[in-house]
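Since the structure comes first, as structure tokens, the remarks are kept for the end.
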Amino acid sequence: MGLQEYQVLGRHLPTAQEPNPKLYRMRIFAKNEVVAKSRFWYFLRQLKKVKKANGEIVGVNVIHEKRPLRPKNFGIWLRYDSRSGTHNMYKEYRELTRADAVRSMYQDMAARHRARFRSVHILRVVEIEKAADVRRPYIKQLLTPGLRFPLPHRVAKAKSTFVAHRPSTF
């Protein structure tokens, strides 16, 4: 599920009463441009009295990450529909891009809460710059300076195919 971040601009069609209607801009995470436009109309129909039949899309742009090779911490505010009701939630992820953080969030919501893509609404995605602003302990533990991971059970390559002793793996 390779997600991309899209900026979709749309508005109500111009009428005699409203020749210059207000523009609405949304940042939407979707697989492709078609899904991004569809989600735009879905959310705009809920928020404002505009639907696809009496509206138009002015522009669709792909938003690229400024530094896609640097790990960053992201905070995501979301709302999802469960079997019992609607819930608001805040989650944190450590990923390279905003789209990767949202992909991880969808995987996490599917695993922990059985929430499908259609029932999760992303309210806000923010990059957390300061380590003091990180709330969740599972992200805080990765921010310690000089963090190293042990590499157990290293098997050294044998110099030849047949050797007289067993390799030591500890």
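Predicted model only: the values in this text are computed from it and were never measured. For the numbers below, each heavy atom of this structure counts, side chains included, while hydrogens, waters and symmetry mates do not.
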When rounded to the nearest 0.5 angstrom, what is the spacing between [atom1] in [X] and [atom2] in [Y]?
X      : Y      : atom1 : atom2 : answer
Gln107 : Met105 : CD    : CE    : 10.5 Å
Ile63  : Gln4   : CD1   : CD    : 10.5 Å
Asp100 : Glu65  : CG    : CD    : 8.5 Å

What residues form a side-chain contact (heavy atoms from CB on, under 4.5 Å) with [X], not counting sequence neighbours?
X      : result
Glu56  : Arg11, Leu13, Pro14
His64  : Val62
Val155 : His153, Thr169

Name the atoms and distances for all side-chain donor-acceptor pairs under 3.5 Å in residues 123-151, with sequence neighbours left out.
unit_1 : atom_1 : unit_2 : atom_2 : d
Glu127 : OE2    : Arg70  : NH2    : 3.4
Arg136 : NH2    : Tyr90  : O      : 2.9

Residues forming a ring-ring contact (aromatic ring centres under 6.0 Å, His included) with Tyr80, sequence neighbours excluded:
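Per chain and number, Tyr80 pairs via ring-ring contact (aromatic ring centres under 6.0 Å, His included) with His87, His113.
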
On a heavy-atom basis, which atom in Ala99 and which in Leu3 lie closest, and how many Å separate them?
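Looking at all heavy atoms of both residues, the shortest contact is CB-O, 3.5 Å.
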
Could you pull out all residues at least two apart from Asn54 that satisfy side-chain hydrogen bond (donor to acceptor under 3.5 Å, both in side chains)?
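Applying side-chain hydrogen bond (donor to acceptor under 3.5 Å, both in side chains) to Asn54 gives none.
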
Quick one: list whatever passes side-chain hydrogen bond (donor to acceptor under 3.5 Å, both in side chains) with Thr86, sequence neighbours left out.
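With neighbours one apart ignored, the set is Asp81.
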
Are Met109 and Val102 linked, directly or through intermediate hydrophobic residues, by side-chain heavy-atom contacts shorter than 4.5 Å (ILVMFWY only)?
yes

Under a single-linkage definition using a 4.5 Å side-chain heavy-atom cutoff for Ile, Leu, Val, Met, Phe, Trp and Tyr, are Met89 and Phe74 assigned to the same hydrophobic cluster?
yes

Write out all pairs satisfying salt bridge (charged side-chain N to carboxylate O under 4.0 Å, His left out) with one or both partners inside residues 106-118, taking only residues at least two apart or from two chains.
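Pairs touching residues 106-118 that pass the test: Lys91-Asp108, Asp108-Arg112.
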
Would you list the pairs meeting salt bridge (charged side-chain N to carboxylate O under 4.0 Å, His left out) in which at least one residue belongs to residues 14-30, sequence neighbours left out?
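Those involving residues 14-30 are Glu5-Arg27.
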
Could you tabulate the donor-acceptor pairs under 3.5 Å formed by side-chain atoms of residues 36-52, not counting sequence neighbours?
unit_1 : atom_1 : unit_2 : atom_2 : d
Tyr42  : OH     : Gln46  : NE2    : 3.2
Tyr42  : OH     : His121 : NE2    : 3.3

For Val58, the rest of its hydrophobic cluster, which grows through side-chain links under 4.5 angstrom:
Leu9, Leu23

Quick one: ring-ring contact (aromatic ring centres under 6.0 Å, His included) pairs with a partner in residues 11-30, sequence neighbours left out?
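Found none.
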
